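Here is the structure we will look at.
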Amino acid sequence: ELLLDGAPIGRTASDGQAAIQQLNAGKRQLQVRSPLYTTANRSLDLAEGEQSERIQLAWRPGVVRVRTRTQDGPEPGVMLRFAGAQVVPAAPVDERGERLVALEPGRWQVIASSPTYGLFQQAVDVPATAGEPTPVDVLLALPAAGTARLLVRVQDPDGQPVPGARIRLGSGDVVDADAGGVLLLQ
């Protein structure tokens with residue numbers, strides 16, 4: 001999102017560029033915001049005519065790059081869910097089997113759901129420091145015949161995860177959900 005003097009003026013296109021026309025010349029403040037990058041602020045002194053400004057953004061802390069693959073290569077038909085310190089909406093991977101997402105630092109469970117390959121869960125520790133996105137590589141494989149998986153997410157009435165919920169299986173097995181209220185039974 002682009003803001004000029006604090007007012008929203010648009011967004012960049014898929015190539016990262018934006019053309020803003022009919023601006024008044026003079027001293028202006030440009031701000032660039034994105035969930036994946038730290039906010040950039042730039043003081044501009046606009047003159048009459050066309051000008052260009054290049055702004056290099058830095059990754060914000062907590063960005064994770066999830067890659068879903070099979071033995072044959074990228075797997076695009078996968079939905080991702082994240083269980084941890086905050087509620088994050090489910091999101092699909094792109095046509096390359098990848099997704100960038102910003103998470104709060106801490107321990108998370110990444111749950112990949114594929115109509116062909118089933119459910120896969122992987123733990124990831126998201127650092128509190130900025131740098132390159134934390135890689136999470138999910139290798140999908142067909143489940144063995146006769147096996148089943150069940151993803152249990154325990155939520156309170158407000159839709160928030162219930163950490164450490166006790167879950168009874170059958171006549172006696174008791175297991176605890178993780179800190180995000182999630183348990184993957186296989």
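Predicted, not measured: the structure shown is a model, and the values here were computed from it.
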Quiz prompt | Exam field: side chain Q17 to backbone A13, donor-acceptor pair closer than 3.5 Å | solution = no
Self-check item: Minimal non-hydrogen separation, Q155 against V162, with atom names
Solution: C-CG2, 3.7 Å
Quiz prompt | side-chain contact (heavy atoms from CB on, under 4.5 Å) partners for D158, two or more places apart | solution = D156, Q160
Quiz item: If you take all heavy atoms of R11 and L2, which pair is closest and at what distance?
Solution: C-CD1, 4.4 Å
Quiz item: Could you state the interatomic distance from CG (D137) to CZ (R67), rounded to the nearest 0.5 Å?
Solution: 6.0 Å
Taking only distance into account, with no hydrogens and no angle test, what donor-acceptor pairs under 3.5 Å do side-chain atoms of residues 78-95 form with protein atoms, sequence neighbours excluded?
unit_1: Q86; atom_1: OE1; unit_2: E104; atom_2: N; d: 3.1
unit_1: D94; atom_1: OD1; unit_2: R96; atom_2: N; d: 2.8
unit_1: D94; atom_1: OD1; unit_2: G97; atom_2: N; d: 3.2
unit_1: D94; atom_1: OD1; unit_2: E98; atom_2: N; d: 3.0
unit_1: D94; atom_1: OD2; unit_2: R96; atom_2: NE; d: 3.4
unit_1: D94; atom_1: OD2; unit_2: R96; atom_2: NH2; d: 2.7

Quiz item: Can you find a heavy atom in the side chain of V63 that is under 4.5 Å from one in the side chain of T134?
Solution: no
Self-check item: Heavy-atom check, side chain of V136 versus side chain of Q122, under 4.5 Å
Solution: yes
Quiz prompt | Rounded distance (nearest 0.5 Å) linking atom CD1 of I20 with atom CD of Q51 | solution = 11.5 Å
Exercise. Sequence neighbours left out, what pairs pass side chain to side chain donor-acceptor pair (under 3.5 Å) with at least one residue falling in residues 32-42?
Key: E1-R33, Q31-N41, R42-E53
Quiz item: Does one hydrophobic cluster hold both I55 and L36, with members joined at side-chain heavy-atom distances below 4.5 Å?
Solution: yes
Quiz item: With distance as the sole test, does D5 use its side chain to make a donor-acceptor pair with the main-chain N or O of R28 at under 3.5 Å?
Solution: no
Quiz item: Looking at P35 and A102, what are the two nearest heavy atoms and their distance?
Solution: O-CB, 3.4 Å
Quiz item: Taking all non-hydrogen atoms of both residues, which atom of F120 and which atom of Y117 are closest, and how far apart?
Solution: CE1-O, 3.1 Å
Quiz item: Does the pair Q121 and Q109 meet the rule for a side-chain contact (heavy atoms from CB on, under 4.5 Å), with working shown?
Solution: CA-CA 6 Å; Q121 180 175 349; Q109 296 295 321; 2.7 Å; yes
Self-check item: CG-OG1 distance between L139 and T68, expressed to the nearest 0.5 angstrom
Solution: 10.0 Å
Quiz item: Going hydrophobic residue to hydrophobic residue with side-chain gaps under 4.5 angstrom, can you get from V66 over to L100?
Solution: no
Quiz item: Does any non-hydrogen side-chain atom of T129 lie less than 4.5 Å from one of P61?
Solution: no
Exercise. Check step by step if side chain to side chain donor-acceptor pair (under 3.5 Å) holds for S43 and Q29.
Key: CA-CA 5 Å; S43 294; Q29 291 295 315; 2.8 Å; yes
Exercise. Could you please spell out the steps behind the side-chain contact (heavy atoms from CB on, under 4.5 Å) verdict for V126 and V64?
Key: CA-CA 8 Å; V126 177; V64 173; 3.8 Å; yes
Quiz item: Can you tell me how far the OG atom of S113 sits from the CG atom of L119, to the nearest 0.5 Å?
Solution: 5.0 Å
Quiz item: Applying the 4.5 Å side-chain criterion to the ILVMFWY set and letting contacts propagate, would L3 and I9 be lumped into a single cluster?
Solution: no
Practice problem: Kindly compute the distance separating CG (L57) from CZ (R60), expressed to the nearest 0.5 Å. | Solution: 13.5 Å
Quiz item: Which distance, rounded to the nearest 0.5 Å, do you find between the OG1 of T116 and the CD of E75?
Solution: 6.0 Å
Quiz item: Is there a chain of hydrophobic side chains (I, L, V, M, F, W, Y, each step under 4.5 Å between heavy atoms) that links W59 to V32?
Solution: yes
